[in-house]
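Hydrogens, waters and symmetry mates are skipped; everything else that's a heavy atom, side chains included, is used. Below, chain A is the first sequence line, B the second, and so on; all start at residue 1.
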Amino acid sequence: MTLRAKIHALSLVVLITLTVSVVLVGALVIDEIVHSLNKRLLLAEVENLHRKVEHGYNVLRRAGVAQVESYVKRMEREFIEDLHDYSFGKTGRLTIVDGNGRVVITSADKENYRLNEKELEQLFAGKTGFTESSLDGQDRYWAYTTFEPWNWLIAVSISKAEMFEKRNEYLQSVSFLAAGILLVNIVVSTLFLGRLVRRIKTTLDCAKAVEAGDLSARVPGPMSSDELGSLQTGINSMITTMETRTEELKSANEQLLREVADRKNAEAGLESELRKTQALYDLAVAMTAEQSLDENLLLLAETSRGLLGTDVSYVALLNESTGELHVEATSGIQTAALTDVSIPYGEGMGGHVAATGAPLIVEDYKQEIGGPLANLVETEGLTSLIAVPIRTGKSFLGVLYTANRKKTSFSESDTATLALLGNLAAVEVTRGRTEEALRAGEEIYRSLVENIDIGVALINSDFNLVTTNQARLKIARRASEEFNGKHCYDFFERIDHVCESCPGKRAMAEGKPVEMETERKTKDGDSVFIRIQAFPVLGPDGKPAAFINVVEDVTQRKILEERLRQKAKLEAIGILAGGIAHDFNNLLTAIIGYSDLLLAQIPSAANEHEKVVQISRAADQAASLTRQLLAFGRKTVLEMRVIDLNTAVSGFGNMLRRLIGEDIQLDTILDSKLGTVEADPAQIEQVLMNLAANAKDAMPDGGTLTIETSNVVLDEEYARAHADVQPGPYAMIAVTDTGHGMSTKTLSRIFEPFFTTKKEGRGTGLGLSSVYGIVKQHQGHISVYSEPKHGTTIKVYLPRVERGAEQPLIHAHTPFRHGGSETIMVVEDEPVVSELVREVLETLGYRVLIASEGTEALAVAEQHEGPIELILTDMVLPGTDGVTLAKEITKNRPDAKVLYMSGYSENFVLPAEIGDADDEVHFMRKPFTTNVLASKIRKILGDIKESE
Amino acid sequence: MLGKLHTTLLLTALLLSPVLALAQTRPLILFVDSYHEGYEWSDGILKGIRAVLEGKDVRLEVFRMDTKRNASEEHARSAANTAYSMIKELKPDVVIAADDNASKFLVMPYLKDTSVPVVFCGINWDASIYGYPYPNVTGMLEVDLVPQTNALLRRYAAGDRVGYLTVDSFSEQKITKYYNEMFMSHQMKLYLVKTFEAFKTAFIKAQTEVDMLYVSNYAGIDRWDSAEAEIFVASNTTIPTAARLPWMARFALLTLAKSPQEQGVWSAKTALKIINGTPPSRIPITKNRQADLIINLTIADKLGIVVDPDLLEAAKIIRLKLPTVPE
């Protein structure tokens, strides 16, 4: 029996024994588990059924009908229906028996299985338990319990065969599995033994080959980690050691032969090195002479030919902008094919050297490289070449080539020599390019200084001009030839000495930059404002020896600043004037109103009557002044309409003629295609009236007043020069007189309120300032041109709109004073005005409700039970505004009408809703007379009802 | 002594001031009830609201319009005006408006499209008659579980004819309209009464005219006497009867009662959502889904009905304590 057969037999016996033992022990344990589990399962099931019955009982008990037979029967029926299809496994059955031994419920009828009395007694000893039976040839397990309130016995049974069905299936499966495992084991062990025998045989074969002298023979891998594997590894290691020793002996012999040859070569090389050193020294000396880069590169190419004994040398430099190498110098070229050519980066020999940064030797260019210069190299007849990089640090600058026409084997020494020449070339290229960059930089700076719009000059310590740029000359209106050898202070007229506040002098004295702004006269006598910055320039001794003047013409900026200052001043006065005027209007409303009331009460023949009339007139004049102040302060309430200015001028003609008198001729030149504007017609009349009055005063001895209209477009440039102008189309009215004109000083103040050139008492000083305010409130622009003794033109520009002019409003001016009996709510925060209005309205027969602010007004409106026909409200109220308040009240009182009043409104253009279908504007300016108040109210409320 | 007292008062005030300030900054919910305290439905809603708000950092104020006991429209308008003044003064973060009159007299005229968020509840069947929804209003409708009640009645009824006996009021007319339109195909017979006597007459008449009868609400029936009504109903019921309000369970075989707590719980939860930043416009209007089943075993016995176990299990059982009537 072989070893293999023995091992097989032993394995088989062990495996069979183990498998049978596991199966038998498993079967015993499973029997025990199955019995225990089934007992618990049946007991749990019977307990579940007990709970179900108990739940039904509890439902009846809770309803108080647990003892009522009809409900118990109903519940029993419920259980029978519910448990009719009861099942538990395949053979599980339910039986419920009542205290009289009557079977109440059974699910056994499916198999006609029933218990008789005897069987019941045998099986169910006690109230609850677990038992086994063998009835009708079938072994069963039983679990049972008693539901005491109804004395019901609840039992569940199941056949033993079903219980053990799974166990039997398990044992069958385990047996099959064990047989399978046994079979697999036999196959695996057969394969393992076969592999072991093969490994021993290969080891034996290797030993035989070594014995025959084959030191390359080895036991084939992979090696296992067992003892046989270790033996095979040891044999392989031993053969390797033998092979290494043999190789070492051969190598030592070869080394000895090479050393003898090298010594001979070294003696010949020493002489050659001396010759090269001398030539390089000569080259370095020659390159320090002041020669151009091209000349030095040529010298370098020739030296390389001499040192290496080659036919041709050439230098190619990298053009950084194109990324190509360009041949810059050649030596020994016959056909001129290699001059002035470019080599793309990365291609050919040069490209390779550029990319690798390492020298390259080529014995046969055509065979080995090819590349972009292949044809040129062939034309020149070159065969063998060396190329080395020209570089400084990491910067690649170009390539140095040398070549022979016949095939040559260049040595490492040749390469080293050429690399040395490459380094010299790098030094030379860097030097040459630095000089070039310096020259270009100087040119840029010169061009920069010459082309900027700011004057720059270099001035020495004697204040002589060393150099200057064109801008500096332009500021002074001078030509360059006028300044040769001149002083800096000669730039401007009238100065023939160093300025006292000379910033250059101070910069040199203080050793730091100095800045100043000053006014100078040019050669032509014009004033220019200049900003000078002086920077000290240090001499070799570290002390200031000169200075640089940077000069900027700031004349335009100065003019704009002055205009802005003037505008801001006018704005501030406007705000002040508007604020005062508002309070004045409230007071004047009271003065005028009470005057009216007094006049109505005092007989016209009485002395007091005339005095009150005087008070009223004075108040009217004050109101007129206040209106002008409001106009200037741009706080006039505007009733904007689209109008044609030509119509405004024409309609105003007659009044204008009366105003200017007979000594002055009135000419009107109206543009028939004049565009429309959106404006308050009354305010435009005011503008025309004020301008005409001003013109009349300028022509005490008569003259011509011309009013002209035209379309004008103010462009971006004009807008830039006038800070508050929006570029765009405008309609213009120009008012020109031929009067005495105005000085520049007067011109700068004409729009200030209370500024007047007239004698005291002759003018209010509000005419032009109110014109200014009205125009600005219309988003317009105003310009004045005046020449002393020649006259003045004032141009008013108003933005054009693309809409047709509206029909002018026709106001019925017939004053009438008529009262009524309607209810009017007055909302006014100024008590004086509020009281006056109440008195007037009550005198007129109206019923008056008073409120001083919005919340109070809402409360009064809510509490008042009768109708409110009119709400008379101030536009500006504490915490709200008249329009919002009126909307709120009219929500619940849609029939109430509204009349607004204001000294001025925060919203200085009337909202669209202030008006009715007949275009009647429901608005009154303060101050108003009692007559205006009465008629306005009557007009809004309509005719008095007949019943009244 | 006075000095000490003064110091103590000062310290107490200083200690309390942050507490008082905090109370003012807590969000406020104003519950506006259409009816009065002691009215079971209103009390149930408030109970639900309080259960949700318990332990939450919010304040609850209650205003009763009392329009059940004072049924005139003039009184309702005046009560709504008072409620609106209260809203302007207290500036609540959310108003919960319970039942129809709060919506009709307060929300629709005063709070529609304002910045005051409103959650309504107890609106019968249809909120659109008050113009709902508004952007600032959401709420829970009050609907009866009619199909479910019908199914229960049919278990014990001899036929399909349905009757509905109730007080002749605006709310009840609205409810019967919906019953007839949505569930009864306009076949439901109505018995609308104003007095107790009329109720009794109609009840007896219905026993022969229909096969099952809804006994809806006695609130508002003149001269109503609940004790007498119990005896009357127990003696005269011959067909299965149903109620929809919990206090009517004494007079019907079975009652499927809506839960006022459900209305209150949903309203309070919704109010908290609004306080936490959800706008009312993003909370859809919903309907109640819960009901309590109540079975009157006295009437069941009278009808000879053995109530099914499933109903017995789910229901609250009541029995009437009727006085012994001498033979």
Side-chain angles (χ1 to χ4, degrees), chain A residues 48-84 86 96 104-105 147 149-150 152 853-865 879-880 884-885 887-894, chain B residues 74 77-89 91 105-106 108-116 131 134 152 155-156 234 240 249-250 252-255 292-322:
Chain A
N48 259 342
L49 289 161
H50 183 276
R51 272 199 291 272
K52 200 173 179 113
V53 174
E54 187 177 31
H55 176 73
Y57 171 75
N58 282 338
V59 168
L60 297 184
R61 200 165 55 85
R62 198 167 50 79
V65 294
Q67 305 307 323
V68 179
E69 194 185 347
S70 60
Y71 277 93
V72 175
K73 290 281 179 199
R74 175 69 186 83
M75 189 57 85
E76 197 176 280
R77 200 167 75 234
E78 187 79 11
F79 282 133
I80 291 169
E81 284 169 7
D82 190 25
L83 299 173
H84 182 263
Y86 175 85
I96 297 179
V104 181
I105 297 166
F147 180 65
W150 290 340
W152 279 11
E853 41 86 25
T855 317
E856 190 188 348
L858 287 173
V860 170
E862 199 173 332
Q863 285 160 14
H864 179 69
E865 289 182 352
T880 182
T884 309
L885 175 66
K887 273 187 191 166
E888 197 59 34
I889 296 176
T890 49
K891 264 188 202 168
N892 290 328
R893 294 177 176 273
Chain B
E74 191 184 348
R77 287 193 196 288
S78 165
N81 192 279
T82 311
Y84 182 54
S85 302
M86 197 169 168
I87 289 167
K88 282 199 290 186
E89 188 190 331
K91 297 189 171 45
F105 294 104
L106 172 66
M108 188 162 67
Y110 291 104
L111 302 179
K112 180 181 181 182
D113 297 332
T114 64
S115 60
V116 182
Y134 315 146
L152 291 177
R155 285 195 190 192
Y156 306 109
R250 301 152 73 187
L253 169 65
L254 54 92
T255 304
D292 295 328
L293 173 64
I294 306 165
I295 290 179
N296 188 329
L297 274 190
T298 306
I299 294 178
D301 291 348
K302 169 74 174 65
L303 292 172
I305 290 172
V306 176
V307 180
D308 295 324
D310 59 330
L311 299 186
L312 281 183
E313 186 177 357
K316 179 184 165 192
I317 303 295
I318 59 167
R319 276 184 185 281
L320 302 179
K321 290 178 183 165
L322 300 175

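Only the side chain of A:Val65 comes within less than 4.5 Å of a heavy atom in chain B; its backbone stays farther off. Within the 4.5 angstrom heavy-atom criterion, no atom of B:Leu311 approaches chain A. Interface remark: B:Leu312 contributes backbone and side-chain atoms alike to the contact with chain A (heavy atom separation under 4.5 Å).
Taking all atoms of both residues into account, the shortest heavy-atom contact from B:Arg250 to B:Ile299 is O-CD1, 4.2 Å.
With B:Thr298 contributing its side chain and B:Leu320 its backbone, the two residues share a donor-acceptor pair below 3.5 Å. Formation of a donor-acceptor pair under 3.5 Å by the B:Lys91 side chain with backbone atoms of B:Lys88 is found in this model.
The local environment of NZ in A:Lys52 is sparse, with at most 12 non-hydrogen atoms from other residues, nucleotides or ligands closer than 6.0 Å. For B:Glu74, the CD atom counts as loosely surrounded, since its 6.0 Å shell holds 12 or fewer non-hydrogen atoms of other residues, nucleotides or ligands.
Annotation: residues 56-63 of chain A contacts chain B through A:Val59, A:Leu60, A:Arg62, A:Ala63 [non-hydrogen atoms, separation under 4.5 Å].
Applying the side chain to side chain contact (heavy atoms under 4.5 Å, CB included) test between B:Tyr110 and each of B:Ile87, B:Val116, B:Asn81 identifies B:Asn81 as the sole match.
In summary, B:Asp308 and A:Arg77 do not engage in a salt bridge, as defined by a charged side-chain N under 4.0 Å from a carboxylate O.
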